[in-house]
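First up is the structure itself, then whatever we jot down about it.
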Amino acid sequence: MNDSDIALRLSAWWEAHARDLPWRFGRATPWGVLVSEVMSQQTQMSRVVPYWQEWMNRWPDARALAAAPKAEVITAWGRLGYPRRALRLQECARVVSEEYSDELPHTYDALIALPGIGDYTASAVLSFAFGQRVAVIDTNIRRVLSRVFTGVESRGGSASPAERALANRMLPESVKRSVTWNQSVMELGAVICTAKSPLCDICPIASGCAFLKADRPGLGERRTRPRQRFQGTDRQVRGLVLAALRELPAHETLARKNVASIWKDQVQLDACIASLDDDGLVEMLPDGSLRLPH
DNA sequence: TTCCAGCTAC
DNA sequence: GTAGCGGGAA
């Protein structure tokens with residue numbers, strides 16, 4: 001199977017099996033696509049769908065999100081994780097509505113300059129929302145291209161120059177095909193060519209895969225840096241603090257004694273509250289009570 | 001345990 | 001280059 005065959009098979013597989021996500025198939029505005037990408041950073045799409053529906057229903061465009069109270073934005077982010085993304089998305093909305101007349105810019109340089117938008121998200125918006133020919137490089141595409149064309153697992157950390165070169169080399173010349181390529185390679189990585197248990201039996205390009213041909217060397221070995229434990233970490237404590245604040249009726253504050261009961265270790269708790277305050281996710285009042293920012 | 005459509009600050 | 005950042009699911 002040559003490169004062209006692989007692209008054709010993937011394209012056919014995409015047509016038949018693409019998940020019916022609500023921001024796909026031209027049903028979302030460019031802003032809606034961007035929101036879906038930000039919500040999907042380090043987060044499974046299946047978890048994103050209900051949040052995205054609710055979010056876009058409430059704030060259909062950048063202008064609407066820019067005008068929303070911070071507390072509502074943080075609350076609406078719910079349990080998606082990495083709540084700083086919510087604040088950055090709102091900052092992004094502010095820039096887009098004020099500097100770009102509520103229309104997302106169409107260039108990589110302008111997109112990547114927006115808060116919370118990095119290389120992946122900028123490229124994804126250009127390809128998926130604007131139909132431009134750009135190599136999209138995320139964890140799925142890195143894994144799939146590396147396996148299929150190099151026969152080895154991609155490594156953790158940021159994409160290497162070799163991986164970027166590979167992604168650019170394999171990107172079809174045709175603008176339209178390049179978009180389908182990005183979509184289908186990423187989708188294959190998400191549902192077939194997964195990290196730990198790839199379903200090679202039902203993979204449409206198994207017969208052209210160097211990784212399978214080599215008997216899947218190194219499958220299951222740890223490729224990323226060891227994860228920080230969650231129990232007892234600042235991340236858990238920050239999550240507990242925010243969860244407590246989200247439960248409050250709008251505009252209410254959490255009294256100091258209730259704040260203290262969130263976590264046993266008061267030193268760690270205070271440090272976490274300070275970092276949340278730094279991030280702009282909470283506000284500390286002089287009397288020691290706490291609330292979501294306005 | 002690892003991984004998940006990453007970004008940012010250091 | 002890498003630590004820190006949530007929370008859920010396999």
Side-chain angles (χ1 to χ4, degrees), chain A residues 14 18-19 21-24 28 32-52 74 77-89 91-92 111-129 134-145 153-161 167 179 181-191 193-199 218-243 246 271-272 275-276 278-281:
Chain A
W14 166 259
R19 289 171 293 178
L21 302 169
W23 49 84
R24 284 182 170 171
V33 172
L34 181 143
V35 172
S36 79
E37 296 300 344
V38 171
M39 287 184 168
S40 301
Q41 291 164 3
Q42 294 290 283
T43 307
Q44 292 89 337
M45 319 261 347
S46 54
R47 292 181 55 215
V48 167
V49 171
Y51 285 95
W52 185 87
I74 294 166
W77 198 257
R79 307 183 67 79
L80 260 184
Y82 294 141
R84 293 188 294 193
R85 290 185 293 171
L87 293 185
R88 296 208 179 106
L89 184 56
E91 290 165 27
C92 176
L111 285 169
I112 204 171
L114 295 169
I117 309 303
D119 172 73
Y120 163 73
T121 307
S123 304
V125 167
L126 287 178
S127 180
F128 305 147
V134 191
V136 174
I137 300 179
D138 79 318
T139 183
N140 285 315
I141 290 188
R142 287 173 61 194
R143 183 176 57 250
V144 172
L145 295 186
E153 294 281 34
S154 64
R155 287 278 153 211
S158 43
S160 68
V179 174
W181 172 259
N182 286 329
Q183 293 266 43
S184 56
V185 175
M186 209 180 308
E187 185 82 346
L188 191 81
V191 304
C193 195
T194 59
K196 288 191 288 193
S197 312
L199 305 174
L219 179 63
E221 285 175 12
R222 180 167 50 71
R223 297 173 302 107
T224 57
R225 58 189 140 120
R227 284 246 65 79
Q228 182 187 29
R229 283 208 102 70
F230 184 61
Q231 278 297 323
T233 59
D234 288 357
R235 295 162 93 154
Q236 182 186 17
V237 178
R238 284 168 55 105
L240 289 172
V241 172
L242 269 190
R246 280 197 308 262
C272 288
S275 80
L276 285 167
D278 262 358
D279 288 341
L281 284 164

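A, B, ... follow the sequence lines: proteins, then strands. Residue 1 opens every chain. Only heavy atoms go into these numbers, but all of them, side chains included; no hydrogens, no water, no symmetry mates. Source: prediction; values computed, not measured.
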Legend entry - 5' precedence on DNA chain C between A:Ser46 and A:Arg85 (nearest-nucleotide basis): A:Arg85
Inset, instruction - Could you check A:Lys196 against A:Leu80 and say which one's nearest nucleotide on DNA chain C is further toward the 5' end? - result: A:Leu80
Any [X] side-chain nitrogen or oxygen under 4.0 Å from OP1 or OP2 of [N]:
X	N	answer
A:Arg238	C:dG6	yes
A:Arg79	C:dG8	yes
A:Gln41	B:dG6	no
A:Thr121	B:dC7	yes

Inset, instruction - Using a strict cut-off of less than 4.0 Å between a Lys/Arg side-chain nitrogen and an Asp/Glu carboxylate oxygen, indicate whether A:Glu221 and A:Lys196 qualify as a salt bridge. - result: no
Verify the distance criterion only: is there a donor paired with an acceptor across the side chains of [X] and [Y] at less than 3.5 Å?
X	Y	value
A:Arg88	A:Tyr82	no
A:Arg85	A:Thr43	yes
A:Arg155	A:Ser160	no

Inset, instruction - For A:Gln183 and for A:Gly116, find the nucleotide of DNA chain B with the closest heavy atom, then tell me which residue's nucleotide is more 5'. - result: A:Gln183
Inset, instruction - With DNA chain B as reference, determine whether A:Ser36 or A:Pro115 sits nearer its 5' end, using the nearest nucleotide of each. - result: A:Ser36
Legend entry - Residues A:Trp23, A:Val48; criterion side-chain contact (heavy atoms from CB on, under 4.5 Å); working and verdict: CA-CA 11 Å; A:Trp23 49 84; A:Val48 167; 3.9 Å; yes
Measure the distance from [atom1] on [X] to [atom2] on [N] and round it to the nearest whole Å.
X	N	atom1	atom2	result
A:Met45	C:dA10	CE	P	16 Å
A:Arg143	B:dA5	CZ	P	8 Å
A:Leu219	B:dT2	CG	C1'	13 Å
A:Asp279	B:dA9	CG	P	10 Å

Has the side chain of [X] got a donor or acceptor that lies under 3.5 Å from a partner of the other kind on the base of [N]?
X	N	value
A:Gln42	B:dC4	no
A:Arg235	C:dG6	yes
A:Thr139	B:dG6	no

Rounded to whole angstrom, note down the [atom1] distance from [N] over to [M].
N	M	atom1	result
C:dC5	B:dC3	C1'	16 Å
B:dT2	C:dG6	C1'	15 Å
B:dC7	C:dG8	P	22 Å

Taking the side chain of [X] as heavy atoms from C-beta outward, which of [options] is closest to it?
X	options	result
A:Arg88	B:dT8, C:dT2, B:dC4	B:dT8
A:Trp23	B:dA5, B:dC4, C:dG6	B:dA5
A:Met186	C:dG6, B:dC4, B:dA5	B:dA5

Inset, instruction - May I ask you to say what A:Arg19 touches in the nucleic acid, namely base, sugar-phosphate or nothing, with a heavy-atom cut-off under 4.0 Å? - result: base
Inset, instruction - Give one of base, sugar-phosphate or nothing for A:Asp119, where a contact means two heavy atoms less than 4.0 Å apart. - result: sugar-phosphate
Inset, instruction - Please check if the side chain of A:Arg143 supplies one atom and the backbone of A:Glu153 the other of a donor-acceptor pair under 3.5 Å. - result: no
